[in-house]
Amino acid sequence: MEEKIKELTLLLLYLTSWKENELPGEMRRSWKGYPFEVLNELTDKDLIRGSIKSKSVYLTEDGIKEAQVLLRKYLGNVEDK
């Protein structure tokens with residue numbers, strides 16, 4: 001169950017994210033309103049980045065790719081962002 005929680009948290013971060021022009025590459029930004037334990041694990045896997053004091057996180061290129069895989073896994077053949 002813990003793995004599904006991590007997957008769905010990453011997916012929700014992706015689905016609620018937005019692109020900012022000043023971010024390098026394909027990174028996207030999202031508000032972090034999720035359990036800190038899960039966010040810490042996603043940070044440890046370098047799927048997201050951000051300051052502990054910040055209210056938002058950045059999805060890395062690997063995080064975006066993983067979220068797109070999860071989008072197809074959980075929601076099937078839908079159009080992603």
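Remember, predicted model here, so these are calculated numbers, not experimental data.
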* Asked: Looking only at heavy atoms, what is the nearest atom pair of Tyr14 and Gln68, with distance?
  -> OH-NE2, 3.2 Å

* Asked: Is a donor on one side and an acceptor on the other found under 3.5 Å between the side chain of Thr60 and the backbone of Leu47?
  -> yes

* Asked: Distance from Asp44 atom CG to Leu39 atom CG, nearest 0.5 Å?
  -> 11.0 Å

* Asked: How about Leu10 and Leu59: do any of their side-chain heavy atoms sit closer than 4.5 Å?
  -> yes

* Not counting sequence neighbours, which residues clear side-chain hydrogen bond (donor to acceptor under 3.5 Å, both in side chains) with Glu66? List them please. => none

* Asked: In Å and rounded to the nearest 0.5 Å, what is the OG to CZ distance from Ser54 to Arg49?
  -> 14.0 Å

* Structure fact -> The side-chain contact (heavy atoms from CB on, under 4.5 Å) partners of Glu3 (sequence neighbours excluded) come to Lys6, Glu7, Lys45

* Asked: Would you say Leu71 and Leu15 make side-chain contact, with heavy atoms under 4.5 Å?
  -> yes

* Structure fact -> Between Ser17 and Arg28, the two heavy atoms sitting closest are OG-NE, 2.8 Å

* To do: Could you tell me the separation between the OH atom of Tyr34 and the CG atom of Leu8, rounded to the nearest 0.5 Å?
  => 10.5 Å

* Asked: Does the side chain of Leu42 reach to within under 4.5 Å of the side chain of Leu13, using non-hydrogen atoms?
  -> yes

* Asked: Is a side-chain donor or acceptor of Ser56 paired with a backbone partner of Arg29 at a separation under 3.5 angstrom?
  -> no

* Linking I/L/V/M/F/W/Y whenever their side-chain heavy atoms sit closer than 4.5 Å, directly or via other members, would Val69 and Val38 fall into one cluster? -> no

* Rounded to the nearest 0.5 Å, what separation is found between the CD atom of Glu41 and the CD atom of Glu37? -> 8.5 Å

* Asked: When rounded to the nearest 0.5 angstrom, what is the spacing between OG1 in Thr16 and CH2 in Trp31?
  -> 10.5 Å

* Structure fact -> CD1 of Ile52 to CG of Asn40, rounded to nearest 0.5 Å, is 7.0 Å

